[in-house]
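Source: prediction; values computed, not measured. In listed order, ligands and their atoms are each counted from 1. Atoms considered below: every heavy atom in the structure, side chains included; atoms not considered: hydrogens, waters and symmetry mates.
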Amino acid sequence: MSDPEPVRRIGLDNVIVADTELSEIDGEKPELLYRGVDAQELAEKSSYEETAYLLWNGELPTRDELDEFRAELDERRGLSRGVAEVVEHAPEDAVPMDVLRSAVSTTQVYGEVGETPRENALSVLAKAPTALATFGRARRGEETLEPRDDLDTAANFLYMLNGEEPDERHAEILDTALLLHADHGLNASTFTSRVIASTESDVISALTGAIGALKGPLHGGANQDVMEMLLDIDESDKDVSSYVADMLENGERVPGFGHRVYKEFDPRAEVLKEIAEEVSETTEGPDWYGMLEEVEAYLREEKRIHEKGISPNVDLYSGTVYYSLGIPIDFFVPMFAVGRSAGWTAQVQEQYDNNRLVRPRAEYVGERGVEYTPIDER
Ligand code: CMC
């Protein structure tokens, strides 16, 4: 049977290349579902680890199942000497996403990831936040702390980064932020992980590639850009409206606004907006939340919101939330990676379960019939 005519769709926009039971994004309602459960409801009632279990297993855990899952993570949170050295000896100005990517990759070199895809996946979920917190301390010249088995992923991360047990509400907030980033359809990093898995490569390689894809400013990065914009506004002599007006005048996009799928609103942003308002009331310093409201009001006035199909996205509020929790700005994208690891690992498993090598084609548009010129004649 001959191959069907090739379909040309640069960027693969709107092309379906996989079936998934993991997350569903409905841009019309708008709604995000994890395994059919509303992510907003999970954010209110559940936890990141429960959600990771749901994504991996297709159903929410019983208490015993969750305890067992937690125990499996706890026993893997520590880093081997080899991985710790990579992280602790990274230059202090190293880009945290580079450190995280290297740490995840190095876990395999030191054989601490187990044999099966599930063991590999547990290892990433457990060790990625440890590696990041370890780097955060090392670059401040502080000693590495051992992970604690009485704290969950979010609380452990804050404890290992800051050296003190986090405020309970702060840990809950970070847990919710991780949950809201857990999975989001076939975005670029998830697609990358599935392409790698489709070659029957291993989970660690797939996740290393996914972190690399998330690092790009067109994918991760907007949460950091939002915070940098706010800090810049605060330091400038402009008010919020004129700052944003200048951005638009210069043809720049306002970070934290717009989404390819969500045109009315991003359901993740709705949850984080409330949290951003809550933390702003207890955080000293400039009123970041108030500034975001002013940015949004200006864009609304300018009829960018709705008429242009842009509205606040998840990154608008996650940045100020992380900032209020004392997480360094250059850790914002790695935090996205830590949360998304639950989805990447589930997606890789789904790819293995029903695999077909992902192998699109490129149309050759270069020259033909070019004669070879020997090196000394060029
Ligand atoms: N600020 C100002 N104008 C915007 C923005 C923005 N943030 N986003 C879109 N527009 C305008 C855009 O210039 C275009 O105007 P015109 O019709 O005059 O050319 C119109 O809105 C439609 O834009 P588009 O490029 O067709 O929209 P898109 O769906 O391709 O882009 C986006 C989506 C997220 C890439 C874009 O909105 C953007 O660059 N936003 C800023 C960066 C950002 O916040 N990214 C985080 C995305 S959410 C994270 C995730 O889910 O992974």
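Close contacts of ligand 1 with Gly256, meaning ligand atoms under 4.0 Å from a residue heavy atom, involve 43 (C), 44 (O). Numbered from 1 in the order shown, with element, the atoms of ligand 1 that lie under 4.0 Å from a heavy atom of Lys263 read 29 (O). Here is the list of ligand 1 atoms found below 4.0 Å of a heavy atom in Ala222: 43 (C), 44 (O), 45 (N), 46 (C). Using a 4.0 Å cut-off to heavy atoms of Gly258, the atoms of ligand 1 that qualify are 34 (C), 37 (O). Less than 4.0 angstrom separates some heavy atom of Asp315 from each of these atoms of ligand 1: 46 (C), 48 (S), 49 (C).
Among protein heavy atoms, atom 48 (S) of ligand 1 sits closest to His259 CD2, 3.5 Å. The nearest heavy-atom contact from the protein to atom 28 (P) of ligand 1 is Arg260 NE, 3.6 Å. The single protein non-hydrogen atom nearest to atom 41 (C) of ligand 1 is Phe257 O, 3.4 Å, given as residue, atom name and distance. Taking atom 1 (N) of ligand 1 as the reference point, the nearest protein heavy-atom neighbour is Val254 N, 2.9 Å. The nearest heavy-atom contact from the protein to atom 13 (O) of ligand 1 is Arg253 NH2, 3.6 Å.
Val244 and Met227 fall within a single hydrophobic cluster, where Ile, Leu, Val, Met, Phe, Trp and Tyr are joined by side-chain heavy atoms under 4.5 Å apart, directly or via other members.
Within the 4.0 angstrom cut-off, atom 19 (O) of ligand 1 has no protein heavy-atom neighbours.
When heavy-atom distances to ligand 1 are checked against a 4.0 Å cut-off, His181 has no atom that comes that close, whether in backbone or side chain. Proximity of Arg304 to ligand 1, defined as any heavy-atom pair under 4.0 Å, is not found for any part of the residue. Contacts of Met247 with ligand 1, taken as heavy-atom pairs under 4.0 Å, are absent altogether.
Chaining together hydrophobic side chains whose heavy atoms lie under 4.5 Å apart places Leu145 alongside Leu151, Tyr159, Met160.
At least one donor-acceptor pair closer than 3.5 Å links the side chain of Asn57 to the backbone N or O of Tyr53. For Thr345 (side chain) and Ala342 (main-chain N/O), a donor-acceptor pair under 3.5 Å exists by modelled atom type.
Nearest-residue assignment for atom 9 (C) of ligand 1 (options Leu316, Ile310, Val295; heavy-atom criterion): Ile310. Taking each of Lys308, Glu302, His219, Glu252 in turn, the one with a heavy atom nearest to atom 15 (O) of ligand 1 proves to be Lys308.
Note on ring orientation: taking the six-membered ring where Trp is involved, the planes of Trp288 and Tyr323 are perpendicular (angle over 60°, cut-offs 30° and 60°). Ring orientation note: the planes of Tyr262 and His184 are tilted relative to one another, at an angle of 30° to 60°.
Using a 4.0 Å cut-off between charged side-chain N and carboxylate O, Arg194 and Glu350 make a salt bridge.
Between the side chains of Asp239 and Ser242, at least one donor N or O lies within less than 3.5 Å of an accepting N or O.
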Distance-only criterion, 3.5 Å: show the donor-acceptor pairs between side-chain atoms of residues 120-134 and protein atoms not counting sequence neighbours.
from	atom 1	to	atom 2	distance (Å)
Asn120	ND2	Val113	O	3.0
Asn120	ND2	Gly114	O	3.4
Asn120	ND2	Thr116	O	3.3
Lys127	NZ	Arg76	O	2.7
Lys127	NZ	Gly78	O	2.8
Lys127	NZ	Glu112	OE1	3.3
Thr130	OG1	Arg77	O	2.9
Thr130	OG1	Ala126	O	3.3
Thr134	OG1	Thr130	O	2.6

**Message:** What verdict does the side-chain hydrogen bond (donor to acceptor under 3.5 Å, both in side chains) test give for Asp330 and Gln224, after you've listed the backbone C-alpha separation in whole Å, the side-chain angles of each residue and the deciding distance to 0.1 Å?
**Reply:** CA-CA 7 Å; Asp330 59 358; Gln224 183 170 337; over 6 Å; no
